[in-house]
A.B. asks: 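Sharing a structure with you now.
Chain A is the first sequence line, chain B the second, and so forth, proteins listed ahead of strands; every chain is numbered from 1.
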Number of protein chains: 2
Amino acid sequence: MTIPEACVSPDPEQACPISPVVDIVFSRWTTPILWALHEFGRQRFVELERRISTITPKVLTQRLRQLERDGLVVRTYHPEVPPRVEYEISELGRTLAPLFATLADWSATHLRSVDQAREAYDAAGRAR
Amino acid sequence: MTIPEACVSPDPEQACPISPVVDIVFSRWTTPILWALHEFGRQRFVELERRISTITPKVLTQRLRQLERDGLVVRTYHPEVPPRVEYEISELGRTLAPLFATLADWSATHLRSVDQAREAYDAAGRAR
DNA sequence: CTGCATCCGTAAAGATACTG
DNA sequence: CAGTATCTTTACGGATGCAG
């Protein structure tokens with residue numbers, strides 16, 4: 001595991017009170033994972049792996065551990081043969097829903113503008 | 001510039017409609033930069049550098065370019081001696097304000113829970 | 001099945017020094 | 001002042017193999 005406290009900002013909070021949250025909620029792969037768990041409910045490791053098709057098991061494990069440690073995801077181990085592990089969003093994780101909704105709203109409204117800005121920027125760059 | 005389309009998710013959107021926005025708004029250093037510009041208005045490169053004290057000029061340049069390309073920040077170059085460059089939030093960037101507010105709210109309400117979850121997790125880990 | 005361990009390549013971040 | 005050039009370091013992510 002290479003992420004635990006490494007993702008804690010050293011000082012940027014000084015200039016930005018929301019940096020800590022960003023590190024927790026928006027580090028790599030966390031949104032797809034949380035979204036999948038939120039949309040499709042409790043599910044097993046392989047299901048998540050299949051849903052987020054480009055993630056590797058190693059990284060998926062890392063991120064799930066991180067999310068579990070942060071209390072956003074609950075991991076349930078069933079000592080059977082073969083073993084079965086299920087993941088689900090925690091109560092704390094569920095409190096992120098309005099945040100994600102706001103984000104989806106902004107996306108629907110303004111994402112196109114970003115694309116246009118990029119095109120304009122790139123076009124101007126080529127002209128120079 | 002080493003970031004442009006490299007930060008574009010290859011597929012995760014498939015499993016998460018908000019991934020694109022996350023890549024744009026919450027990549028490294030972007031929130032401190034946007035926050036500083038939002039809080040203190042238009043300012044020069046050095047001012048930003050001093051405010052976000054741990055960022056290096058190289059990375060600050062990279063991120064500002066990225067934000068400019070995405071249309072979230074406006075860069076104004078004054079051809080004087082010595083040169084003067086000013087950065088400010090764009091109109092599009094300003095539309096992020098409610099999003100940041102929601103984030104700050106969540107932080108105020110739930111950040112403590114995350115800390116507690118971490119402590120509990122680490123304590124249990126040591127016990128094992 | 002679920003994961004952990006390891007090695008490895010790439011690429012972003014960081015530190016430092018230097019120009020127009 | 002506003003960056004750029006260069007080098008070093010670190011982390012990420014892929015591939016493989018193996019254990020419970």
A.B. asks: Give a yes/no on whether any side-chain N or O of A:R75 is located under 4.0 angstrom from OP1 or OP2 of C:dT2.
C.D. replies: no
A.B. asks: A:E80 CD to C:dC1 P: how many Å, rounded?
C.D. replies: 14 Å
A.B. asks: For the residue pair A:E88 and A:T76, what are the closest heavy atoms and their distance?
C.D. replies: OE2-OG1, 4.3 Å
A.B. asks: Starting from C1' on D:dA2, measure out to OH on B:Y87 and report it in whole angstrom.
C.D. replies: 8 Å
A.B. asks: Under 6.0 Å from the six-membered ring centre of A:Y87 and within 45° of its axis: does the NZ or CZ of A:R44 meet both?
C.D. replies: no
A.B. asks: Select one nucleotide: of C:dA13, C:dG3, D:dC1, the one nearest the side-chain heavy atoms of B:R63.
C.D. replies: C:dA13
A.B. asks: For the pair made of CZ in B:F45 and C1' in D:dT4, what is the distance, rounded to whole Å?
C.D. replies: 10 Å
A.B. asks: For the hydrophobic clusters of this structure (ILVMFWY residues joined by side-chain heavy atoms under 4.5 Å, transitively), does one cluster hold both B:V74 and B:L64?
C.D. replies: no
A.B. asks: Report the distance from atom CD1 of B:I55 to atom C1' of C:dA12, rounded to the nearest whole Å.
C.D. replies: 13 Å
A.B. asks: Starting from P on C:dG3, measure out to CD on A:Q62 and report it in whole angstrom.
C.D. replies: 13 Å
A.B. asks: Which sits closer to the 5' end of DNA chain C, B:P57 or B:P83, going by the nucleotide each is nearest to?
C.D. replies: B:P57
A.B. asks: Please determine whether any donor N or O and acceptor N or O are separated by less than 3.5 Å between the side chain of B:K58 and the base of D:dG3.
C.D. replies: no
A.B. asks: Go through D:dC1, C:dT2, C:dC4 for me and flag the one nearest to the B:V46 side chain.
C.D. replies: D:dC1
A.B. asks: Between A:Q62 and A:R65, do the side chains contain an N or O donor and an N or O acceptor separated by less than 3.5 Å?
C.D. replies: no
A.B. asks: Take atom CD of A:E68 and atom C1' of C:dT2, then tell me their distance rounded to the nearest Å.
C.D. replies: 14 Å
A.B. asks: Among C:dA15, D:dG14, D:dA2, which nucleotide has an atom closest to any side-chain atom of A:V59?
C.D. replies: D:dG14
A.B. asks: Using whole Å, report how far NE2 of B:H78 lies from P of C:dG20.
C.D. replies: 23 Å
A.B. asks: Among D:dC1, D:dG14, C:dA13, which nucleotide sits nearest the side chain of B:R50?
C.D. replies: D:dC1
A.B. asks: Output the single nucleotide from D:dA2, D:dT4, C:dC1 whose closest atom is nearest the side chain of A:P82.
C.D. replies: C:dC1
A.B. asks: Report the C-alpha distance between B:E86 and B:R75 in whole Å, list the side-chain angles of each, state the deciding distance to 0.1 Å, and finish with yes or no for side chain to side chain contact (heavy atoms under 4.5 Å, CB included).
C.D. replies: CA-CA 6 Å; B:E86 289 183 316; B:R75 175 180 183 270; over 6 Å; no
A.B. asks: Among D:dA2, C:dT2, C:dA15, which nucleotide has an atom closest to any side-chain atom of B:R84?
C.D. replies: D:dA2
A.B. asks: Distance check needed: D:dC12 P versus B:R28 CZ, whole Å only.
C.D. replies: 9 Å
A.B. asks: Kindly say if A:T61 contacts the phosphate of C:dG3, meaning a side-chain N or O under 4.0 Å from OP1 or OP2.
C.D. replies: no
